[in-house]
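What follows is a single structure, written as structure tokens, with notes after it.
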Amino acid sequence: MNDTNDTRFRWDLTGWDADERLAHVTELSREEILRIRDLFDRRLPPAGEDEWLVYAVYEVPQELQPQVLVAVPRLEFKPGLDYFVDGGAPRDQGA
């Protein structure tokens with residue numbers, strides 16, 4: 001569960017299988033995003049710097065997964081899945 005009082009955003013670590021089906025989801029807290037956000041190139045989104053990882057979807061390739069696990073040890077990366085971090089509006093808030 002997202003343990004932040006800031007309800008403007010929510011984040012997930014998602015794992016997709018070879019058929020591009022969602023196979024694994026873990027919600028990330030604001031504090032966890034603060035620990036991992038510097039691992040990603042946030043200059044890519046059209047909106048410019050993406051401080052909160054909400055304007056793009058960020059791939060977590062296998063070579064980056066050990067660094068993410070050091071920052072957030074509770075996470076799990078299942079073999080055979082492609083992982084991404086994405087954020088946006090909380091699901092219960094419409095658009």
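Every value quoted in this text rests on a predicted model; they were computed, and no experiment measured them.
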Restricting to non-hydrogen atoms, name the atom on Ala23 and the atom on Leu81 that form the minimum distance, rounded to 0.1 Å.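 Answer, listing the atom of Ala23 first, then Leu81: CB-CD2, 3.7 Å.
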
Is there a side-chain contact between [X] and [Y] in this structure, where contact means two heavy atoms from C-beta onward sitting under 4.5 Å apart?
{"X": "Val57", "Y": "Val85", "result": "no"}
{"X": "Glu59", "Y": "Asp82", "result": "no"}
{"X": "Val25", "Y": "Leu13", "result": "no"}
{"X": "Trp16", "Y": "Phe84", "result": "yes"}
{"X": "Val60", "Y": "Phe40", "result": "yes"}
{"X": "Gln65", "Y": "Val68", "result": "no"}

First locate atom [atom1] of [X], then atom [atom2] of [Y], and finally report the distance between them rounded to the nearest 0.5 Å.
{"X": "Thr14", "Y": "His24", "atom1": "OG1", "atom2": "NE2", "answer": "10.0 Å"}
{"X": "Leu28", "Y": "Leu75", "atom1": "CG", "atom2": "CG", "answer": "6.0 Å"}
{"X": "Glu27", "Y": "Trp11", "atom1": "CD", "atom2": "CH2", "answer": "9.5 Å"}
{"X": "Leu22", "Y": "Asp17", "atom1": "CG", "atom2": "CG", "answer": "8.5 Å"}
{"X": "Ile33", "Y": "Glu31", "atom1": "CD1", "atom2": "CD", "answer": "10.5 Å"}
{"X": "Arg30", "Y": "Arg8", "atom1": "CZ", "atom2": "CZ", "answer": "8.0 Å"}

With a 3.5 Å distance limit and no angle check, can you tell me whether Glu32 reaches the backbone of Ser29 through a side-chain donor-acceptor pair?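 Indeed, once roles are kept as given, a pair shorter than 3.5 Å links the two residues.
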
Using a cut-off of 6.0 Å, state whether more than 12 heavy atoms not belonging to Glu76 lie near its atom CD.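 Counting neighbours around CD of Glu76, more than 12 heavy atoms of other residues, nucleotides or ligands fall under 6.0 Å, so yes.
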
Checking Arg37 against Trp52: charged group under 6.0 Å from the ring centre and within 45 degrees of the axis?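 Yes, Arg37 sits over the ring of Trp52.
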
Do Val70 and Leu53 share a hydrophobic cluster (ILVMFWY, side-chain heavy atoms under 4.5 Å, transitive)?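 No, it is not one cluster - the side chains of Val70 and Leu53 are not joined through contacts under 4.5 Å.
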
Mutual orientation of the aromatic rings belonging to Phe77 and Tyr83 [parallel < 30°, tilted 30-60°, perpendicular > 60°]: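 Rings of Phe77 and Tyr83: perpendicular, over 60°.
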
